[in-house]
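One-based numbering, in listed order, for ligands and for the atoms of each.
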Amino acid sequence: MADLVNLTIDGVPVSVPKGTLVVDAAKKIENDIPVFCYHPKLKPVGMCRMCLVDIGTPKIDPATKQPVRDEQGNVVIAFMPKLTTACTTPVSEGMVVRTATEQVRAAREDILEFLLTSHPLDCPICDKGGECPLQNLTLGFGPGVSRFDYDAKFHNEKHVPLGDLIYLDRERCIQCSRCIRFQDEIADDHVLQFHDRGRGMEIITFSDPPFDSYFGGNTTDICPVGALTTADFRFKARPWELASTQSLCTHCPVGCNITLNTRLETKTGDYEVKRIMPRQNEQVNEIWICDKGRYVHHFTRAEDRLRQPMIRRDGRLVEATWEQALQLVGERLKAAGTSVAAVVGDRIANEDAYLVAKLMRALNGAIGMSPSVPAHYADVARAFGVGMHTNFAHLGKGDVILVVNGDVEEQAPVWFLRLRQAVVDRGAALVIAHSRSTKMHRYARAIHRYEPGYAAQWVADRSEELIAKDSLKDARNLLIVFGDEQLDSPSARALAQGLANLLIATDHAGNADSGLLPLYPHANTQGVFDMTMGTESAAASNGANGKVRTDARGSILDSQFEMAWLIGVGDASDAPSAGFTVVQELFMTELAKQADVVLPALSFAEREGTFTSGDRRVQRFYRALPPLGEARPDWWVAQEIAKRLSHNWGFQGPLHIFADLARSIPHYSGLSYEAISESEPQWPPMGRGDLYYGGTVYDNTGGLGVRYASDAERDPAGVRPYDRVVPEPTVVGLERRPRPLYRDGELVRRSAVLASHIVPAQEIA
Ligand code: SF4
Ligand code: SF4
Ligand code: FES
């Protein structure tokens, strides 16, 4: 345990680890020292002076080196001649801090009075109004009147675009440098800087393109005034009009915890997502989200969302009632017998995928995942994935992070932030093997290269060298991040197996803070695999029918069925051919246009459920918007179809379905909505009323989620290395391009603010 230091703050004793700053020690006992420039996730700079307090330390006798005592035997405290900044002063033994003296009160008043001399006071039209630290601290600690002449206010440019996603109001900036420090220290995108001096000092961006970062939205959360606003939200709503719902981001394997802020729009009479904000989960995303997660929400109320079931009549898709559509699907399913395949995408919830698989098992049909989804190695990732109690915050000196064939920033942006800190701030060694360069290469201790498509061969051939030269064997913990770009399914599987073998050979399999971390494309790749192909009965059912062959992409694409039921699979290349096709989607995709029945699905914002992140954390999301039109959740559709085939399950909703799946899927046994909904106090404590300490991040009341155990943890005695299989790369593999964050797709395309950032498929390197 870290050395503890004892001190008192306003007479209250507190013990904190050595090195803790006074401001954080005070926070521990809920003594909120006001701050502007200090942020608990950034290095202190002591720029604003808002945190001035009175600090004393025991007077030491130079002769004895012991504390001097008064006549009553009390230690004599020597106070500093002037007030001290609590944000830059570490605690020391016996320290006495006073935050409520007349001198401190007067200092706070002075600082606020001074800050307001150059502040425009346009709170009524400022986006930060209602959640502004400057407003709140002025009310709490500011002077009632100002001695400065209002007309002498310094004016500066407003609405300055810093790139196309963030706007700066120069007058409102209080020059705290939180935005600059976030970009430098956390994102490592050095795109902002101060320009000029004195009252004319202003924030500028000097990158080309301007404010070139995937993480810029976070600066608007931690800016303590309305100087930085997003192009997406500015002038759209006031904070007090917004309802907040705890949710999850669906766009990469990280599973960032988010809050959906929604409002009833008088124009449309419908609710809308107005903005997406981070929700604190120190195990997952801390308090950060990437800009894709923040801005991609517009698809939820896009004009062209499917709102009504459709069935094909005389060659055309026409609107139908649910009863008509379900009746038709039920009849065709009965007629198809066992010649039916359900294919699911990896964005749907666990509860949806589970019920679809349950029905397929009951019908002795086939179940598969969309071929663009890397289901072919999800079992390896589950067997040797990171240990249950892994926390990236633990990684540091003595640990090795090995990244193979993956681009962490593009494919899991917040993992990039967290792993980079483990390397740069805490001294973990980073070893990278890739056929091209990525941003992560900046921090690598060792870099290895191979020809595109040859990742699995490279690992198989170089394992011993890696273990010896790159010290994998001696590593305290070994975290292996890997991706599947330019690999076909057999090669990607071989790579995962080769990396699992590395864990076994170095005695890291099944350890906390060690294991595989797959860069899956979406939030629920692992979960959908677990619910469908990852169950023993599914594998047996597919195999027993003998109907399912897999091509080089690991899909059931080339199989023939009487009927195909495609749920959230996206584009047309994902369809097995069938005499009758049912598509369940948010939009009229190319695939849906060719279907016989199209069923409108609900987005994640309009229903509840669970996702399992790439590191196997099962987390809950909640309903933020009312259902759109006649659209229904996928689990409901599965249950209604089942009913028409005489399977009356009677599930009331996701909670009951989850209880059923936890009983039948061994990896999920013991999990429940209650368990994954549990929260505990986070450190540093943010998302509460005192917005000035951490920014506008939301508190986590919806649950921190639970990571289920890997196979290596469940059965350590059963751990065996995989046989060495290294298939030659195929053209299909080489065509599987890298996945940039803003790759074109049905969802991102509907966010106008991101339009200029979208990378069309043909331009992906
Ligand atoms: S823009 Fe905001 S975060 Fe950046 S220096 Fe100004 S007040 Fe601070
Ligand atoms: S890092 Fe991933 S999960 Fe987090 S906000 Fe970005 S896309 Fe969403
Ligand atoms: S100087 Fe301490 S918060 Fe700014």
Side-chain angles (χ1 to χ4, degrees), residues 21-23 33-40 42 44-53 83-89 107-108 111 115 119 128 132-134 137 160 162 166-183 192-194 201-205 214-215 217-229 247-258 276-279 281 284-286 288-297 408-418 519-524 611 613-614 619 692-693 695 741-742 747-748:
L21 297 165
V22 169
V23 64
I33 296 175
V35 297
F36 282 122
C37 69
Y38 179 69
H39 189 282
L42 302 172
V45 282
M47 287 170 75
C48 73
R49 324 308 284 176
M50 189 62 210
C51 64
L52 287 171
V53 290
L83 299 180
T84 311
T85 47
C87 75
T88 56
T89 310
R108 289 173 178 172
I111 297 292
L115 279 176
H119 202 77
K128 204 80 170 186
C132 172
L134 182 58
L137 292 182
V160 181
L162 289 179
I166 306 285
Y167 279 80
L168 168 70
D169 184 315
R170 286 194 170 134
E171 290 186 331
R172 293 181 191 156
C173 174
I174 59 166
Q175 306 173 346
C176 71
S177 88
R178 278 183 174 191
C179 54
I180 300 172
R181 286 180 287 139
F182 169 82
Q183 289 300 142
L192 298 180
Q193 195 48 277
F194 278 132
M201 189 155 91
E202 61 192 29
I203 293 288
I204 55 162
T205 175
Y214 285 157
F215 304 102
N218 294 295
T219 63
T220 65
D221 294 336
I222 60 173
C223 176
V225 288
L228 296 178
T229 48
S247 189
L248 298 172
C249 178
T250 65
H251 303 287
C252 91
V254 177
C256 285
N257 289 203
I258 56 173
I276 287 191
M277 303 292 274
R279 167 167 73 105
N281 188 337
V284 179
N285 53 309
E286 301 181 28
W288 315 120
I289 55 174
C290 76
D291 287 353
K292 184 174 186 181
R294 191 180 294 268
Y295 301 129
V296 83
H297 59 86
V408 189
E409 194 200 32
E410 299 284 351
Q411 291 160 5
V414 167
W415 282 350
F416 166 82
L417 298 184
R418 302 198 68 203
L519 293 169
Y520 291 137
H522 297 122
N524 204 29
F611 293 136
S613 66
Q619 302 189 97
Y692 48 87
Y693 184 68
L741 184 63
Y742 296 129
L747 307 188
V748 72

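- Close approach of ligand 2 to Ile289 is summarised as follows: ligand atoms under 4.0 Å from at least one heavy atom of the residue are 5 (S).
- Of the protein's non-hydrogen atoms, the one nearest atom 2 (Fe) of ligand 1 is Cys223 SG, 2.3 Å.
- Electrostatic pairing of Asp169 and Lys128 does not count as a salt bridge here, judged by no charged N lying under 4.0 Å from a carboxylate O.
- Comparing Cys173, Gly695, Gly226 by heavy-atom distance to atom 6 (Fe) of ligand 1, the nearest is Cys173.
- Protein heavy atom at the shortest distance from atom 4 (Fe) of ligand 1 is Cys179 SG, 2.3 Å.
- Distances from atom 6 (Fe) of ligand 2 show that His251 has no N/O/S atom below 2.8 Å.
- Atoms of ligand 2 found under 4.0 Å from any heavy atom of Val414 (numbered from 1 in listed order, with element): 1 (S).
- Between Trp288 and Phe182, the two ring planes are tilted [angle within 30° to 60°].
- Near Gly255, with a cut-off below 4.0 Å to any heavy atom, the atoms of ligand 2 are 3 (S).
- Nearest non-hydrogen protein atom to atom 8 (Fe) of ligand 1 is Cys176 SG, 2.3 Å.
- Atom numbering of ligand 1 starts at 1 in the shown order; those under 4.0 Å from a heavy atom of Val225 are 7 (S).
- Those atoms of ligand 1 with a heavy atom of Ser177 less than 4.0 angstrom away are 5 (S), 8 (Fe).
- Listed by number with element, the atoms of ligand 2 under 4.0 Å from a non-hydrogen atom of Cys256 are 1 (S), 3 (S), 4 (Fe), 5 (S).
- Selection from Thr220, Ile174, Ile203 by nearest heavy atom to atom 7 (S) of ligand 1 gives Ile174.
- Considering only non-hydrogen protein atoms, atom 1 (S) of ligand 3 sits nearest to Arg49 N, 3.2 Å.
- Set against the non-hydrogen atoms of Cys252, the atoms of ligand 2 under 4.0 Å away are 1 (S), 2 (Fe), 3 (S), 7 (S).
- Atoms of ligand 2 lying under 4.0 Å from at least one heavy atom of Cys249, given by number and element, are 3 (S), 5 (S), 7 (S), 8 (Fe).
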